[in-house]
Amino acid sequence: MENLWRIATGQDPNREDYDGIEFWSNPERSGWLTKQGDYIKTWRRRWFVLKRGKLLWFKDQAAAGTRGSIPRGVISVSDCLTVKGAEDAVNKPFAFELSSSNYTVFFIADNEKEKEEWINSIGRSIVQHSRSVTDSEVLDYDHRR
């Protein structure tokens, strides 16, 4: 039933979002987080993998460790602007948020240490994979002369 809902609402990630990323091998960070749903705002515990600028999640750890498995979702951290604590925003301990100009996703870690480690890892990945100058900010000096 859940798979039908995910397909009907377009929640299955596009293969291009994670193609070429061997998420089952040597991730930068992996572990359990609780994530708030995009459409139905329930909280679900998922296994997360951070690798090569992508934050992927799976129903469980076994699915993430299997070559050829399909993640339940993917966030490209290069699109994100901030990652920060969000206990006050969701009124839950160990909460943090990952935000882009278009969306904010909320997560809950198991404890304060895990929360800080995820924030630090995702923050490093944002810096590593973001472009310092966006295409719209590039000036064409040849045409300005």
Side-chain angles (χ1 to χ4, degrees), residues 1-140:
M1 181 69 172
E2 185 179 346
N3 283 346
L4 292 175
W5 174 256
R6 292 173 52 73
I7 292 167
T9 58
Q11 292 183 51
D12 280 323
N14 186 335
R15 185 155 189 77
E16 294 172 8
D17 292 340
Y18 61 92
D19 200 34
I21 298 175
E22 295 180 352
F23 47 80
W24 57 88
S25 172
N26 299 318
E28 294 161 30
R29 178 155 192 75
S30 62
W32 290 104
L33 291 171
T34 303
K35 177 189 170 297
Q36 188 176 41
D38 297 325
Y39 300 103
I40 300 173
K41 300 296 183 186
T42 56
W43 292 92
R44 303 243 175 164
R45 190 164 168 83
R46 299 289 184 229
W47 183 261
F48 282 81
V49 173
L50 178 64
K51 187 164 182 180
R52 291 184 43 203
K54 304 287 183 178
L55 182 62
L56 308 101
W57 61 94
F58 301 83
K59 189 167 186 172
D60 54 39
Q61 186 175 0
T66 306
R67 184 186 306 250
S69 63
I70 297 172
R72 298 184 73 76
V74 180
I75 296 172
S76 178
V77 298
S78 63
D79 296 337
C80 297
L81 304 171
T82 62
V83 58
K84 62 183 181 180
E87 285 93 347
D88 293 340
V90 296
N91 200 25
K92 294 190 182 284
F94 320 126
F96 65 97
E97 67 181 55
L98 181 57
S99 299
S100 77
S101 58
N102 300 322
Y103 59 84
T104 299
V105 183
F106 294 101
F107 304 92
I108 300 171
D110 289 343
N111 55 55
E112 185 66 25
K113 181 177 184 274
E114 287 285 317
K115 179 188 104 172
E116 292 301 323
E117 288 175 353
W118 274 106
I119 289 173
N120 290 336
S121 296
I122 294 170
R124 275 192 304 275
S125 190
I126 289 172
V127 170
Q128 221 174 11
H129 296 280
S130 67
R131 294 175 297 158
S132 58
V133 179
T134 64
D135 294 339
S136 63
E137 294 171 327
V138 174
L139 296 174
D140 186 350

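Numbering starts at 1 and runs along the sequence shown.
No more than 12 heavy atoms of other residues, nucleotides or ligands shown are found within 6.0 angstrom of CG on N91.
Considering every non-hydrogen atom in both V77 and S125, the closest pair reads CG2-OG, 3.2 Å. The nearest pair of heavy atoms linking V83 to F96 is CG2-CD1, 4.0 Å. Contact between I108 and P93 at its shortest, heavy atoms only, is CG2-O, 3.5 Å. Taking every heavy atom of both residues into account, A109 and K115 meet most closely at CB-N, 3.5 Å. Closest heavy-atom contact between R45 and D110: NH1-OD1, 2.8 Å. Here the shortest heavy-atom pairing between G31 and W118 reads N-CZ2, 3.6 Å.
A donor-acceptor pair under 3.5 Å is formed between the side chain of T66 and the backbone N or O of A62. Side-chain atoms of S121 come within 3.5 Å of backbone N or O of E117 as a donor-acceptor pair. The backbone N or O of A63 lies less than 3.5 Å from a partner atom in the side chain of S69, making a donor-acceptor pair.
Taking a cutoff of 4.0 Å between a charged side-chain nitrogen and a carboxylate oxygen, K54 and E28 do not qualify as a salt bridge. Ion pairing between a basic and an acidic side chain is recognised when a charged N comes within 4.0 Å of a carboxylate O; E116 and K113 show no such pairing.
Side-chain atoms of P71 and F48, non-hydrogen and from C-beta on, never get closer than 4.5 Å to each other. Side-chain contact between S99 and T82: present, with at least one pair of heavy atoms (C-beta onward) separated by less than 4.5 Å. A heavy-atom distance below 4.5 Å is found between the side chains of L55 and F107. Inter-residue side-chain proximity for E97 and Q36 is flagged as unmet; no heavy-atom pair is nearer than 4.5 Å. Considering only heavy atoms from C-beta on, D60 comes within 4.5 Å of W32 through its side chain.
Rounded to the nearest 0.5 Å, atoms CZ (F58) and CZ (R46) are 12.0 Å apart. Here the CG atom belonging to D79 is positioned 8.0 Å from the CG atom belonging to N102, to the nearest 0.5 angstrom. Atom-to-atom distance recorded for C80:SG and L98:CG is 3.5 Å, nearest 0.5 angstrom.
Under the 6.0 Å cut-off for aromatic ring centres, W57 and W47 do not qualify, their centroids lying 6.0 Å or more apart.
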